[in-house]
Amino acid sequence: MNNFYIKVYKVVQQIPKGKVTSYGRIAEMIGHPNAARAVGYALSALRNPDSNSPYTSQTVPWFRVVNSQGRISINHRETTANRQALILQEEGVEIGPNLKINLEKHLWQGLHIVEVDDILKELG
DNA sequence: ATGGTGACTCGCG
DNA sequence: GCGCGAGCCACCA
């Protein structure tokens with residue numbers, strides 16, 4: 001588990017219940033503005049966490065991360081996509097047709113780079 | 001080192 | 001709005 005993954009997970013853990021953000025925004029927050037795909041890769045890795053890793057699909061709210069269009073990015077044929085939509089609905093996020101979310105209402109403000117540094121320092 | 005694979009984005013047509 | 005192509009990044013073989 002490298003530093004990049006750690007940063008992604010810690011920032012995602014800051015997303016409040018009922019809010020969402022995108023892979024690209026997460027990437028910007030940790031100082032890798034063009035690493036959106038890598039962020040998605042990091043979250044997918046939560047499905048098979050290392051035995052002693054504190055970061056798992058149970059401790060990191062991966063379901064609060066969607067694509068820049070406010071849509072769930074997982075292949076819709078996979079049950080994971082429906083599970084993500086269900087969890088979000090349960091915590092108050094309105095899901096429209098085609099698993100689309102109203103970002104105007106549910107987009108997380110996010111963190112500034114300085115705040116990210118504080119998070120990484122105190123928790124890591 | 002090298003090429004292939006994604007839970008990404010942006011710009012075009 | 002939708003599909004494509006092209007960058008981009010971390011991983012793995």
Side-chain angles (χ1 to χ4, degrees):
Chain A
M1 182 97 59
N2 62 37
N3 200 273
F4 180 81
Y5 276 31
I6 299 295
K7 289 182 179 178
V8 172
Y9 299 150
K10 287 187 175 177
V11 170
V12 173
Q13 290 182 320
Q14 306 306 309
I15 307 174
K17 181 179 180 181
K19 292 292 183 179
V20 301
T21 190
S22 71
Y23 301 92
R25 287 171 182 277
I26 294 290
E28 287 183 20
M29 292 178 219
I30 63 179
H32 290 64
N34 299 311
R37 303 194 70 173
V39 171
Y41 193 95
L43 293 185
S44 69
L46 289 172
R47 294 180 300 187
N48 302 72
D50 293 343
S51 60
N52 56 358
S53 172
Y55 306 106
T56 70
S57 57
Q58 300 299 308
T59 64
V60 180
W62 54 272
F63 48 83
R64 295 187 184 134
V65 184
V66 297
N67 67 27
S68 64
Q69 306 309 305
R71 313 228 292 133
I72 291 177
S73 279
I74 308 172
N75 185 331
H76 295 359
R77 287 177 299 183
E78 300 280 343
T79 58
T80 307
N82 295 318
R83 182 149 49 88
Q84 178 172 5
L86 182 60
I87 296 175
L88 288 176
Q89 283 186 55
E90 291 180 341
E91 59 179 50
V93 176
E94 300 169 20
I95 308 291
N98 292 51
L99 303 183
K100 188 184 301 177
I101 295 171
N102 182 344
L103 291 181
E104 285 282 331
K105 184 173 185 177
H106 299 290
L107 179 64
W108 176 43
Q109 280 289 51
L111 301 174
H112 289 296
I113 187 63
V114 181
E115 300 176 295
V116 174
D117 288 341
D118 289 342
I119 298 297
L120 296 177
K121 182 185 303 177
E122 70 179 57
L123 299 182

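Chain A is the first sequence line, chain B the second, and so forth, proteins listed ahead of strands; every chain is numbered from 1.
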Length of the line joining [X]:[atom1] and [N]:[atom2], which is rounded to integer Å:
X       : N      : atom1 : atom2 : answer
A/Gln69 : C/dG1  : CD    : P     : 8 Å
A/Arg37 : C/dA6  : CZ    : C1'   : 11 Å
A/Ile6  : C/dA10 : CD1   : P     : 15 Å

**OP:** Give me the first and last nucleotide of DNA chain B, going 5' to 3', that has any atom under 4.0 Å from a heavy atom of chain A.
**Re:**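 Contacts span B/dG6 to B/dC10, reading 5' to 3'.
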Original post:
How far does the C1' atom of C/dC8 sit from the matching atom of B/dG6, given to the nearest Å?
Top reply: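 Here C/dC8 and B/dG6 have their C1' atoms 12 Å from each other.
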Original post:
Contact class for A/Ser44 (heavy atom, under 4.0 Å): base, sugar-phosphate, or nothing?
Top reply: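 It contacts base atoms.
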Original post:
5'-most contact on DNA chain B: A/Glu28 or A/Val65, nearest heavy atom basis?
Top reply: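 Checking each residue's closest nucleotide, the 5'-ward one belongs to A/Val65.
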Original post:
With a 4.5 Å limit on heavy-atom distance, are the side chains of A/Val93 and A/Lys105 in contact?
Top reply: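 Heavy-atom side-chain distance check fails, nothing below 4.5 Å.
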Original post:
To the nearest 0.5 Å, how far apart are CD1 in A/Ile26 and NZ in A/Lys7?
Top reply: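 Answer for the CD1-NZ pair, A/Ile26 versus A/Lys7, is 13.5 Å.
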Subject >> A/Ile119 side, atom CD1; A/Ile30 side, atom CD1 - distance, nearest 0.5 Å >> reply: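 That separation rounds to 13.5 Å.
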**OP:** Apply side chain to side chain contact (heavy atoms under 4.5 Å, CB included) to A/Arg37 and A/Tyr23, showing your working.
**Re:** CA-CA 7 Å; A/Arg37 303 194 70 173; A/Tyr23 301 92; over 6 Å; no
Original post:
Just by distance, do the side chain of A/His106 and the backbone of A/Glu94 share a donor-acceptor pair under 3.5 Å?
Top reply: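 Yes; judged by distance alone, with no hydrogens or angles, the pair exists.
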**OP:** Without swapping roles, check the side chain of A/Arg47 against the backbone of A/Ser57 for a donor-acceptor pair under 3.5 Å.
**Re:**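 Not at all, since once roles are kept as given, no pair shorter than 3.5 Å links the two residues.
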Subject >> A/Lys100 vs A/Ala36, nearer the 5' end of DNA chain C by closest nucleotide >> reply: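 Of the two residues, A/Lys100 wins.
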